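Note that the structure is predicted; figures quoted are calculated from it, not measured. Convention: sequence-line order gives letters A, B, ...; per-chain numbering from 1.
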Number of protein chains: 2
Amino acid sequence: MTAKDAHAARRRPTSRDVAAAAGVSRSAVSFAFNDPTRVSTATRERILAAARELKYTPPPSGRTLRNGRTQSLGVLLPHDIPKVMENPYYARFLMGLGQVCTREGMSLQLIPPLGDSLVKAVRHAAVDGFVVCGLDTDRGEIAELTRRALPYVLVDSDAPEGAPSVDIDDRDGARDVTQHLLELGHRRIAVLSVEPRSDRPAPTYRDPLVRRIAGIEDALAAVGLSRRDITVAEVPCTRMDGYRATQAIMATRPRPTALVVLADLMAFGAIDALHDLGLDVPGDVSVTGFDDLPEAQWTRPRLTTVRQPIVAKGRIAGDFLISAIRGEDQHQHQLLQTVLITRESSKPPAEPVTPDGRYQPSVPQSPARPVPSRT
Amino acid sequence: MTAKDAHAARRRPTSRDVAAAAGVSRSAVSFAFNDPTRVSTATRERILAAARELKYTPPPSGRTLRNGRTQSLGVLLPHDIPKVMENPYYARFLMGLGQVCTREGMSLQLIPPLGDSLVKAVRHAAVDGFVVCGLDTDRGEIAELTRRALPYVLVDSDAPEGAPSVDIDDRDGARDVTQHLLELGHRRIAVLSVEPRSDRPAPTYRDPLVRRIAGIEDALAAVGLSRRDITVAEVPCTRMDGYRATQAIMATRPRPTALVVLADLMAFGAIDALHDLGLDVPGDVSVTGFDDLPEAQWTRPRLTTVRQPIVAKGRIAGDFLISAIRGEDQHQHQLLQTVLITRESSKPPAEPVTPDGRYQPSVPQSPARPVPSRT
DNA sequence: CTGAAAGCGCTTACAG
DNA sequence: CTGAAAGCGCTTACAG
């Protein structure tokens with residue numbers, strides 16, 4: 001079989017074919033598509049007609065190689081896409097990035113680990129820059145980003161010194177919500193945190209969840225308690241894991257009167273679990289979250305939580321990237337503030353749980369470690 | 001300034017540089033990265049060391065041009081990314097596509113209109129295939145897809161005959177939920193539908209929302225009513241638009257006793273609005289949705305709705321695309337079934353609204369137009 | 001206003 | 001096991 005001929009017959013037309021059909025050079029074809037001022041209107045029409053005839057459209061692969069631009073922003077994800085999309089947090093974060101994409105005329109590439117390797121994912125992605133989400137420790141990804149010499153910005157990450165990053169004041173947020181529960185009189189507090197993505201050698205203070213735990217300790221210290229006085233469970237960040245972990249926690253005695261959950265999604269699961277256990281929220285157990293997803297207002301009772309500006313975080317991360325792609329100066333870091341949102345899922349415990357009864361609010365002591373002050 | 005030298009000094013290393021540094025050919029460099037069996041271990045180590053030294057990593061642009069593969073799936077979106085991400089429907093749909101991406105080691109590119117033009121977006125996207133979402137009429141996008149000779153599959157679209165597509169039985173679903181309300185005794189029914197994305201010349205029966213309206217008419221016809229007996233409002237598919245439209249609908253007299261909303265997201269807004277108007281759901285007004293998003297179980301009251309297999313839809317669309325990319329035979333169409341989920345947001349109206357009182361359930365007549373039968 | 005040519009950086013069939 | 005060469009398809013500086 002003359003496979004070659006058959007193949008040639010159905011191969012995609014190139015600018016060469018169009019040039020031949022229109023009786024012009026390949027340059028003219030390129031100009032007709034990209035810079036109409038460089039060819040006469042008549043010639044342009046002829047070229048476009050020939051292109052239509054041959055069903056030709058300039059494929060992006062050639063342009064990408066030539067221009068070194070993909071017109072696409074990459075979002076490097078800590079987990080595979082189904083798991084990421086389970087958390088409404090990401091939908092909101094992508095809304096912020098999407099605002100930038102709309103403005104800049106770019107597409108958004110969701111880049112999950114490739115066969116468990118984020119390094120490989122970085123290596124293969126055809127994008128103009130990376131927003132790196134929730135990188136819990138540098139396992140080579142940043143080195144690979146540097147090698148590729150592409151702009152990047154770390155978000156919710158364990159960002160090394162000097163790396164461009166957008167973060168929130170995790171520590172203050174966690175301190176505020178814990179202090180809120182302590183002021184209500186709670187003393188038997190359980191914390192539900194997010195487990196690290198991988199076995200990592202040493203979680204550092206830069207890790208957002210380490211910072212949140214530190215914030216909890218700040219609040220505890222202010223009333224003379226320490227981490228030893230609370231229990232901390234770490235599970236994957238899913239609603240179902242929040243559900244299961246809450247069941248386990250509530251099986252312990254003495255039962256906690258308050259549950260500090262470090263992600264709204266897991267807090268929803270916690271409320272589900274308490275409901276199924278026949279425990280009243282907040283009558284039997286107070287529950288707090290972290291994020292203030294829109295859904296936090298729809299739970300019954302509505303969720304007391306720490307609001308973070310998720311959409312703004314996405315937008316700012318995108319803006320950082322655009323500046324870097326353009327080679328403009330950029331702020332290297334941005335720290336966004338959280339706000340405690342008090343709703344019905346938290347109230348004083350049914351009975352005082354410490355010998356001295358209800359906690360009397362007092363001026364909090366200075367935290368154990370310096371934290372960014374809020375103005 | 002010797003700008004050229006400065007540029008040369010900091011220009012990205014290429015396989016040529018690495019080859020020179022390691023004292024091998026560029027082929028060897030390529031093999032070291034892509035096909036280790038083609039070079040000796042010692043040579044490979046030397047090459048990789050040189051690459052590390054020079055901070056070289058093979059950029060995707062060359063490979064893409066050469067291989068004609070991007071390892072990326074495109075999702076062509078009907079709106080810009082912020083608007084799309086507002087609807088939890090898409091998070092679930094992307095979960096399904098994401099399953100395929102995980103399996104195939106691909107990334108997922110979100111491709112919004114480029115300066116309002118989907119044709120431009122198609123032209124510029126560097127992907128191996130397109131999932132086209134909610135295309136409400138062919139305004140050139142499909143022609144451009146054909147020109148690019150890339151595989152595509154239409155989802156929730158006004159798909160032309162013969163185009164690969166994944167759809168649900170919109171008509172049956174809408175008929176079932178309307179029939180449910182009619183059987184409960186409702187007669188004053190308002191429908192809240194999604195407005196077309198653009199001014200289109202002629203919505204056709206292939207349009208999912210046209211099919212849903214047809215399903216509503218089927219159910220009405222079975223009790224001797226017609227479209228003239230109901231009111232239909234069309235608004236953009238957002239929670240806020242659902243809220244506002246419901247306020248407007250409830251200001252009409254006589255007030256409807258049931259609201260058939262053709263997207264859960266808008267139904268959530270409708271429940272919000274009824275709550276704010278001091279109207280009880282379902283006491284004063286029954287509300288039904290369409291989709292069965294997870295959130296439909298969290299509204300109070302929980303939402304009666306038409307469940308569609310959103311994640312499966314995404315997975316199947318992705319599988320279609322993968323088959324097509326591989327050049328395998330593929331099923332051209334897939335029709336997925338919906339199921340009516342009855343929850344607390346619907347109940348009989350407070351008082352009979354027709355002269356003859358409550359509707360007596362009877363065997364539904366055959367629908368006006370043939371619909372795909374469910375087995 | 002148009003054409004010939006170089007070059008973006010890779011991969012792989014082919015020859016050694 | 002390795003090297004020289006062709007080619008993927010475009011864009012644009014340069015010369016006419």
Side-chain angles (χ1 to χ4, degrees), chain A residues 3-4 7-8 11-47 50-51 54-71 123-126 128 147-150, chain B residues 3-4 7-8 11-47 50-51 54-71 123-126 128 147-150:
Chain A
K4 192 172 178 180
H7 190 71
R11 83 173 211 288
R12 278 177 215 175
T14 72
S15 65
R16 192 186 306 274
D17 301 317
V18 176
V24 296
S25 72
R26 291 169 67 209
S27 330
V29 175
S30 181
F31 290 140
F33 276 96
N34 303 313
D35 187 359
T37 66
R38 298 284 307 268
V39 289
S40 66
T41 310
T43 309
R44 175 158 192 258
E45 285 310 320
R46 192 153 40 91
I47 292 170
L54 293 171
K55 291 187 179 304
Y56 169 82
T57 194
S61 45
R63 180 190 307 130
T64 296
L65 177 58
R66 164 74 212 206
N67 294 351
R69 281 290 140 73
T70 62
Q71 289 294 97
R123 188 162 2 217
H124 285 84
D128 292 337
R147 261 197 291 279
R148 286 208 48 190
L150 282 181
Chain B
K4 193 171 175 181
H7 189 73
R11 82 173 211 287
R12 276 178 217 175
T14 72
S15 65
R16 193 187 306 273
D17 301 317
V18 176
V24 296
S25 71
R26 292 169 67 210
S27 329
V29 175
S30 181
F31 290 141
F33 276 95
N34 303 314
D35 187 0
T37 66
R38 297 285 306 268
V39 289
S40 67
T41 310
T43 309
R44 175 159 192 256
E45 286 309 320
R46 191 152 42 90
I47 293 169
L54 294 171
K55 291 186 178 305
Y56 169 82
T57 194
S61 43
R63 180 188 310 128
T64 297
L65 176 58
R66 163 75 212 208
N67 294 351
R69 281 289 140 74
T70 63
Q71 290 293 96
R123 188 162 1 216
H124 285 84
D128 293 336
R147 260 197 291 280
R148 286 208 49 190
L150 282 180

- [ ] Check B/Asp128 against B/Gln71 and note the closest heavy-atom contact, atom names and distance.
- [x] OD2-N, 2.8 Å
Task: Partner nucleotide, any strand, of D/dA4 [Watson-Crick/G-U, under 3.5 Å] - done: none
Task: Distance, C1' atom - from D/dG16 to D/dT12, rounded to whole angstrom - done: 16 Å
TODO: Ignoring the backbone of B/Ser27, work out which of C/dC8, C/dC10, D/dG3 is nearest its side chain.
DONE: D/dG3
Open item on the list: So which atom in B/Val29 and which in B/Ser15 form the shortest heavy-atom distance, rounded to 0.1 Å?
Closed with: CG2-O, 3.8 Å
- [ ] Mind calculating the distance between NE2 (A/His124) and C1' (C/dT11) to the nearest angstrom?
- [x] 13 Å
Open item on the list: Give me the atom names and distance for the closest heavy-atom approach of A/Ala32 to A/Ile47.
Closed with: CB-CG2, 3.7 Å
Task: Integer-rounded Å distance: C/dT11 P and B/Arg16 CZ - done: 14 Å
Task: Closest non-hydrogen atom pair, B/Arg148 against B/Arg123 - done: NH1-O, 3.5 Å
- [ ] Send over the distance from B/Arg26 CZ to D/dG7 P, rounded to a whole Å.
- [x] 15 Å
Open item on the list: Heavy atoms only, 4.0 Å cut-off, all strands: where does B/Ser30 land among base, sugar-phosphate and nothing?
Closed with: base
- [ ] Remember a base hit wins even if backbone is also touched, and classify A/Thr43 as base, sugar-phosphate or nothing at under 4.0 Å, heavy atoms.
- [x] sugar-phosphate
- [ ] Check the distance between C/dT11's C1' and B/Phe31's CZ and give it to me in whole angstrom.
- [x] 8 Å
- [ ] Scan B/Asn34 against the nucleic acid and name what it touches under 4.0 Å (heavy atoms): base, sugar-phosphate only, or nothing.
- [x] sugar-phosphate
Task: Separation of atom CG in A/Leu150 from atom P in C/dG9, rounded to whole Å - done: 13 Å
TODO: Identify, between B/Ala28 and A/Thr37, the residue whose nearest nucleotide on DNA chain C lies closer to the 5' end.
DONE: A/Thr37
Task: Whole-Å distance separating the CZ atom of B/Phe33 from the C1' atom of C/dT11 - done: 14 Å
Open item on the list: Need one value for A/Asn67: base, sugar-phosphate or nothing, where a base atom within 4.0 Å counts as base even if backbone is also close, heavy atoms only.
Closed with: sugar-phosphate
Open item on the list: Using the side-chain heavy atoms of A/Arg38, tell me which of these nucleotides is nearest: C/dT12, C/dC10, C/dT2.
Closed with: C/dT2
Open item on the list: How many whole angstroms separate atom CZ of B/Arg63 from atom P of C/dT12?
Closed with: 10 Å
- [ ] For B/Arg66, report the nucleic acid contact type (base, sugar-phosphate, nothing); a contact means any heavy atom under 4.0 Å.
- [x] base
Task: Base partner of C/dA13, which must satisfy Watson-Crick or wobble distances under 3.5 Å - done: none
Open item on the list: With rounding to the nearest 0.5 angstrom, report the OG1 to NE2 distance, A/Thr70 to B/His124.
Closed with: 12.0 Å
TODO: Looking at every strand, decide which applies to A/Ser40 at a 4.0 Å heavy-atom threshold: base, sugar-phosphate, or nothing.
DONE: sugar-phosphate
Open item on the list: For B/Gly23 and A/Val29, find the nucleotide of DNA chain D closest to each by heavy atoms; which residue's nucleotide sits nearer the 5' end?
Closed with: B/Gly23
Task: Nearest-neighbour nucleotide for the B/Leu65 side chain, C/dA13, D/dC8, C/dG7 considered - done: D/dC8
TODO: For B/Ala19 and B/Arg26, work out which heavy atoms get closest and say how close.
DONE: CB-N, 3.7 Å
Task: Separation of D/dA13 P from A/Asp35 CG (nearest whole Å) - done: 10 Å
